[in-house]
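Nothing here was measured: the structure is a model prediction, and the numbers come from that model.
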Amino acid sequence: MPNARPRAVVLLSGGLDSSTCLAWAAAQYDCYALSFIYGQRSSSELQAAGRLAKQFAVEHRIINIDLGTIGGSSLTDHNLQVPEQAQDGIPSTYVPARNTIFLSYAMALAEVKQAQTIVIGVNAVDYSGYPDCRPEYIEAFSNMANLATKAAVEGEKLTIATPLLHLSKAKIIQLGLAHGLDYANTVSCYQADIEGRACGKCDSCRLRKQGFEDAGVADPTRYYTH
């Protein structure tokens, strides 16, 4: 009888980066996809996450944690505008503690499912300056996770895989295509409409658009005008 494949929990927003992570991980792990309703402006990304989980035949869980009650980000506070021009410093789209919260849930699910890997699509090249996307943050969380769980104490060390960490957006797109990902099924826009159409102006849209151009690949993104 062949050995069972290792298991992984994949944080899946439905955007370009996390969807690439799912395609990459599904080729080598038995995956559990984990998404969040956290008060974000666009719900169409969660619909995209559901479609992608079905495409790659992975178990998909959605957890509701309303970070909008805390605020502090233009993605969760509708009194703040999503910036449509590049900003100096950390942009207002940064959501306080978001990756720490998401990784904590993923850590719990990994322990329950006996998965030894969490896959997250953080990127230190084409990113928006978020502090919780830095390599040193991932290393610190990994160290904490291996002190915090029964599984790790008993010898089942947890690894946080960051396959996109040092890739340009163009290289990320090429990786996803190599693993059969159709980017038309992904939604990256911070303020996508209910149909998943993108604004074409926010940071996420600009990085995505430039990535397809740099990769020499036709951009399948649908846009609306506003």
Side-chain angles (χ1 to χ4, degrees), residues 8-22 25 32-46 48-49 60-83 86-113 115 117-152 158-165 187-192 202-204 207:
V9 173
V10 182
L11 288 170
L12 179 66
S13 70
L16 185 149
D17 292 344
S18 69
S19 301
T20 302
C21 282
L22 178 63
Y32 302 91
L34 186 59
S35 304
F36 296 88
I37 301 169
Y38 64 92
Q40 65 268 52
R41 288 173 179 264
S42 173
S43 61
S44 53
E45 66 177 8
L46 288 171
H60 185 213
R61 298 191 180 199
I62 300 176
I63 293 175
N64 193 336
I65 43 165
D66 187 5
L67 296 180
T69 60
I70 296 174
S73 169
S74 59
L75 295 193
T76 59
D77 185 343
H78 289 255
N79 293 315
L80 300 175
Q81 267 197 322
V82 173
Q87 294 181 302
D88 293 329
I90 298 171
S92 68
T93 50
Y94 163 68
V95 181
R98 180 176 61 180
N99 279 353
T100 302
I101 293 167
F102 289 1
L103 282 167
S104 296
Y105 274 92
M107 177 179 72
L109 182 60
E111 185 163 28
V112 170
K113 294 294 186 179
T117 303
I118 295 171
V119 184
I120 182 171
V122 294
N123 181 262
V125 180
D126 285 343
Y127 81 125
S128 298
Y130 299 156
D132 53 2
C133 288
R134 294 175 297 167
E136 52 266 47
Y137 165 77
I138 295 297
E139 181 181 3
F141 191 96
S142 179
N143 290 337
M144 182 279 296
N146 282 296
L147 292 170
T149 58
K150 175 177 178 287
L158 183 68
T159 298
I160 301 180
T162 56
L164 314 185
L165 189 62
V187 175
S188 300
C189 180
Y190 291 147
Q191 46 192 354
C202 67
D203 275 353
S204 187
L207 288 171

| field | Heavy atoms of other groups near Glu136 CD, more than 12 under 6.0 Å | value | yes
| Steps toward side chain to side chain contact (heavy atoms under 4.5 Å, CB included) verdict (Leu158, Glu111) | CA-CA 9 Å; Leu158 183 68; Glu111 185 163 28; over 6 Å; no
| task | In sequence, state the C-alpha distance, the side-chain angles, and the governing distance for Leu12 and Ser19, and then conclude on side chain to side chain contact (heavy atoms under 4.5 Å, CB included). | result | CA-CA 6 Å; Leu12 179 66; Ser19 301; 4.0 Å; yes
| CA sep, side-chain torsions, deciding dist, call: Ile101, Leu67, side chain to side chain contact (heavy atoms under 4.5 Å, CB included) | CA-CA 10 Å; Ile101 293 167; Leu67 296 180; 3.7 Å; yes
| Heavy-atom closest pair, residues Met144 and Met107 | CE-SD, 4.4 Å
| remark: One should read off an interatomic distance between Leu11 CG and Asn99 CG, to the nearest 0.5 angstrom, of 7.5 Å
| message | Are Pro91 and Asp203 packed together at the side-chain level, in the sense that at least one heavy-atom pair is separated by less than 4.5 angstrom? | response | yes
| said: Has Asn146 got a side-chain atom pairing as donor or acceptor with Ala152's backbone, closer than 3.5 angstrom? | reply: no
| remark: Nearest heavy-atom approach of Asp132 to Arg98 is OD2-N, 4.1 Å
| query | CG of Asn79 to OG of Ser74: how many Å apart, nearest 0.5 Å? | reply | 11.5 Å
| query | Taking only residues two or more places apart in sequence or in another chain, which ones pass side-chain hydrogen bond (donor to acceptor under 3.5 Å, both in side chains) with Thr76? | reply | none
| So, for Ile90 and Pro131, which heavy atoms are closest and what is the spacing to 0.1 Å? | CD1-CD, 3.9 Å
| Who are the side-chain hydrogen bond (donor to acceptor under 3.5 Å, both in side chains) partners of Tyr137, not counting sequence neighbours? | Thr100
| task | Could you tell me the separation between the CD1 atom of Ile160 and the CZ atom of Phe141, rounded to the nearest 0.5 Å? | result | 5.5 Å
| task | Step by step, work out the side chain to side chain contact (heavy atoms under 4.5 Å, CB included) result for Ile65 and Tyr105. | result | CA-CA 11 Å; Ile65 43 165; Tyr105 274 92; 3.2 Å; yes
| message | Nearest 0.5 angstrom please: Asn123 CG to Thr162 OG1, how far? | response | 9.5 Å
| query | So which heavy atom on Ser73 is nearest to which on Thr93, and how close? | reply | OG-O, 3.4 Å
| query | Do you know the tightest heavy-atom contact between Pro163 and Ile120? | reply | CD-O, 4.1 Å
| Test item: Ser92 and Leu80 side chains (from C-beta on) under 4.5 Å apart, heavy atoms | no
| What class does the angle between the rings of Tyr94 and Tyr130 fall in, given that below 30° is parallel, 30 to 60° is tilted and above 60° is perpendicular? | tilted
| request: Measure the CG-OG distance between Leu147 and Ser142 for me, rounded to the nearest 0.5 Å. | output: 9.5 Å
| query | Taking atom types as modelled, is there a side-chain donor on Ser204 or Ser188 under 3.5 Å from an acceptor on the other? | reply | no
| task | Identify the heavy atoms of Leu34 and Ile63 that sit nearest to each other, and give their distance. | result | CD1-CD1, 3.6 Å
| query | OG1 of Thr159 to CD1 of Ile138: how many Å apart, nearest 0.5 Å? | reply | 12.5 Å
